[in-house]
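First the structure, in the form of structure tokens, and then the observations on it.
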Amino acid sequence: MPDNPKPTPAPAPAGGAPALNVQELKSRLNLPETASDLDLITALIAVIGELQQKYDALLSDAVSLEGKVANRDLEAFTDLITNDAREFWKEQLIVNRDATLKTLEGLRALVKQPAPPVTPPALPPPAVPLKNRLQNTVRSLTDLTGAPTPASVAAAVKIRNRATEIARAERISFSAAFRRAEQEAAQPA
């Protein structure tokens, strides 16, 4: 059996992850080929520690840069933002800078627009009193019905007087007596 200088990679785990080549990992970490697994794990932990320190430094830089950018944006809107609201707007700029800048620009546009001229409200039309609230005016029956002819007034008086006589004499209602009186008046004499 020939001596294979390169070991065969271990079969892939069931999860589908690629197989780990330990010799390649040792060479990347500048470890000798005879290094033990403990040395390999220790070197990997050191690399992870260094990466964590770099990540923390980058995160700190990013946070400070976000604060600087937010402060710069706040300075651009000092005409709108009061000192009491400064922290709120700074937080909004950090969370969602684009939307907050659009909102502040919209506020600035509203503040700069001249107010529309104030026109006094139109006066309502004069109130017309209700018909039943008008002052009572005395009107005669002739005013309400139109001017009747004197002959028709005299005929109506005759019918009324005759209806009164019939109602008293025969002891019947006035409306029945009035109908009879109208019939008598309609007959030619």
Side-chain angles (χ1 to χ4, degrees), residues 14-17 52 55-189:
Q52 184 65 43
Y55 172 77
D56 290 341
L58 285 174
L59 185 62
S60 173
D61 290 346
V63 168
S64 67
L65 286 175
E66 281 180 341
K68 287 179 183 177
V69 170
N71 286 333
R72 185 191 69 212
D73 289 338
L74 287 174
E75 292 302 319
F77 293 100
T78 55
D79 57 328
L80 294 175
I81 299 173
T82 63
N83 287 336
D84 297 337
R86 190 172 179 86
E87 285 302 314
F88 168 78
W89 285 109
K90 183 177 181 179
E91 181 180 332
Q92 294 302 314
L93 283 167
I94 290 172
V95 171
N96 190 350
R97 184 172 182 264
D98 292 336
T100 305
L101 287 176
K102 285 181 184 177
T103 302
L104 288 170
E105 287 295 331
L107 287 174
R108 179 174 279 157
L110 285 175
V111 169
K112 286 186 179 180
Q113 286 181 352
V118 177
T119 57
L123 296 174
V128 176
L130 299 173
K131 297 281 186 196
N132 63 350
R133 303 291 193 265
L134 293 174
Q135 293 181 352
N136 289 337
T137 55
V138 179
R139 292 191 227 163
S140 67
L141 186 59
T142 57
D143 290 341
L144 293 174
T145 60
T149 59
S152 63
V153 172
V157 171
K158 282 183 183 180
I159 293 172
R160 183 193 64 203
N161 290 341
R162 178 69 182 135
T164 304
E165 290 175 8
I166 294 172
R168 282 187 191 152
E170 297 181 15
R171 297 184 188 248
I172 60 172
S173 69
F174 183 79
S175 59
F178 191 83
R179 277 192 302 271
R180 280 186 45 199
E182 281 181 322
Q183 289 173 356
E184 289 176 7
Q187 293 176 357

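The figures here come from the full heavy-atom set of this structure, side chains too, leaving out hydrogens, waters and symmetry mates.
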What distance separates D84 CG from W89 CH2, expressed to the nearest 0.5 Å?
14.0 Å
Taking every heavy atom of A177 against every heavy atom of A167, the minimum-distance pair comes out as CB-N, 3.7 Å
Under 3.5 Å: donor-acceptor pair, side chain of S60, backbone of D56
no
What salt bridge (Lys or Arg N to Asp or Glu O under 4.0 Å) pairs are there with at least one residue in residues 92-102, not counting sequence neighbours?
D73-R97
Does F88 reach the side chain of I81, with side-chain heavy atoms less than 4.5 Å apart?
no
Atom of A70, atom of L93 and distance for their closest heavy-atom approach:
O-CD1, 3.6 Å
Rounded distance (nearest 0.5 Å) linking atom CD of Q52 with atom CG of L59:
9.5 Å
Mind checking salt bridge (Lys or Arg N to Asp or Glu O under 4.0 Å) for R160 and listing every partner two or more places apart, or none if nothing turns up?
none
Tightest non-hydrogen contact, residues A163 and F174, listed as CB-CE1, 3.8 Å
Identify, with sequence neighbours excluded, every residue that meets side chain to side chain contact (heavy atoms under 4.5 Å, CB included) alongside E91.
V95
Using salt bridge (Lys or Arg N to Asp or Glu O under 4.0 Å) as the criterion, list what pairs up with R180, not counting sequence neighbours.
E170
Which pair of non-hydrogen atoms, one from E184 and one from I166, has the smallest distance, and what is that distance?
OE2-CD1, 3.8 Å
Any heavy-atom pair between the side chains of L104 and T100 that's under 4.5 Å?
yes
Sequence-distant partners of R86, salt bridge (Lys or Arg N to Asp or Glu O under 4.0 Å), two or more places apart
E75
Check whether any side-chain heavy atom of Q92 lies under 4.5 Å from a side-chain heavy atom of T103, and answer yes or no.
no
Under the rule for salt bridge (Lys or Arg N to Asp or Glu O under 4.0 Å), what residues qualify as partners of E165, not counting sequence neighbours?
R162
What one should report as the nearest heavy-atom pair of I159 and A181 is O-CB, 3.6 Å
Output the distance between atom CG (L107) and atom CZ (F77), rounded to the nearest 0.5 Å.
9.0 Å
